[in-house]
Amino acid sequence: MTLTPAHIDSPSVWTDARLLYALEEVVEKELNRHLKVAKDWMPHEYVPWSDGRNFPGFFEDGEAWDKEQSKVTEVGRIALVVNLLTEDNLPSYHHEIASLFGRDGAWGTWVHRWTAEEGRHGIVMRDYLLASRAVDPDKLEQFRMSHMSEGFESDNRHSMLHSIAYVAFQELATRISHRNTGHQSGDPVCDRMLARIATDENLHMVFYRNLLKAAFELAPDLTMQAVRDVVVNFRMPGHGIPGFERAAAQMAIGEVYNMRIHHDDVLQPVLRFLKIMEIDGLGPEGLKAQEELGLFLGGLDAEARKFDEKLAARKARMAARAAG
């Protein structure tokens, strides 16, 4: 691939259309790599079907849901609902990336492949939740209808570079959230299922992370600004879920996803791979974005430290109560 000289780096030169064209070869290379390492898997093989039974409604023998019917922990139940409802908005996500990246060539092939792989996640999670009676099925459907009826519009839909930067972090965040949910679920079957999903999410992260690296070679100033904007304003795509703020707080305390995890396990791995603070040859705007990014990360680490202290104190209080 012949990269356009890095100094040609301004919004007037690097339109979304030109960036799409310039990155096409990278997308094809990453798509081929992805297809070689990705393994197909069958969602139905991860579901404990023998645990399932009829719910009330059309079946005379239907049994009403009760949380005692499932071995899943409370924080596991909360996180599973948030994770599934996030996956449910796949039609909106597909519409957005298809509009940004197009449906032709390597870009289009990736858009459809990504959508097909993500579709498995919603299928297997819902089947698991219903068969294992891990969540109230009526509330789950009510939440799904409410969440999907609102649709989804990314904060970064205005810019292809911002969108690539966002998904590089968001795919890793989703992987971490799924993996930690499995660990905290109390159910080995759930843990195994979410580990399989997390493997997909990690491969998706690698695709976008490598694409982001190539964008830095093409347009370092604009890419640095996009990364700065995305990191500073990052929100998970499930933020519109009913009751998300309360659920997020419970997931933070339950160590599924919190500031420390976000800083250490999501932001830092991607930024280290990109060697973000070592990138040179930046213009004034790129240097400013790099400096602001460093300052923000320092502030986030300090906030995460305060959270760690509060969480440790809470654990100590709970342990003291249990001992007393």
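Judged as a ring-ring contact (aromatic ring centres under 6.0 Å, His included), not a single pair has a partner in residues 267-316 (not counting sequence neighbours).
Side-chain contact of Ser92 with Glu96: a donor-acceptor pair under 3.5 Å is absent, judged by distance alone. Side-chain contact of His44 with Asp127: a donor-acceptor pair under 3.5 Å is absent, judged by distance alone.
In summary, Lys213 and Glu217 do not engage in a salt bridge, as defined by a charged side-chain N under 4.0 Å from a carboxylate O. A salt bridge does not link Glu291 with Lys288: none of the charged nitrogens is closer than 4.0 Å to a carboxylate oxygen. The pair Glu255-Lys315 meets the salt-bridge criterion, since a charged nitrogen lies less than 4.0 angstrom from a carboxylate oxygen. Asp264 has no carboxylate O lying under 4.0 Å from a charged side-chain N of Arg272, or vice versa, which leaves the two without a salt bridge. Under 4.0 Å is where a charged nitrogen must lie from a carboxylate oxygen, and between Arg53 and Asp61 no such pair does. Residues Glu309 and Lys306 are not paired through a salt bridge, judged by the lack of any N-O separation under 4.0 Å between the basic side chain and the carboxylate. Using a 4.0 Å cut-off between charged nitrogen and carboxylate oxygen, Arg260 and Asp308 count as a salt-bridge pair. Looking at Glu201 and Arg179, no side-chain N of the basic residue comes within less than 4.0 Å of a carboxylate O on the acidic one, giving no salt bridge.
Between Tyr166 and Phe234, the distance separating the two ring centers is shorter than 6.0 angstrom.
Nearest heavy atom pair, residue Asn180 against residue Ile261, reads ND2-CD1, 3.8 Å. Among all heavy-atom pairs drawn from Val270 and Ala168, the shortest one is CG2-O, 4.0 Å.
Remark: Arg33 fails to qualify as a cation-pi partner of Phe207 under the 6.0 Å distance and 45° angle criteria applied to the six-membered ring.
Every residue was checked against the ring-ring contact (aromatic ring centres under 6.0 Å, His included) condition with His263, not counting sequence neighbours, and none meets it.
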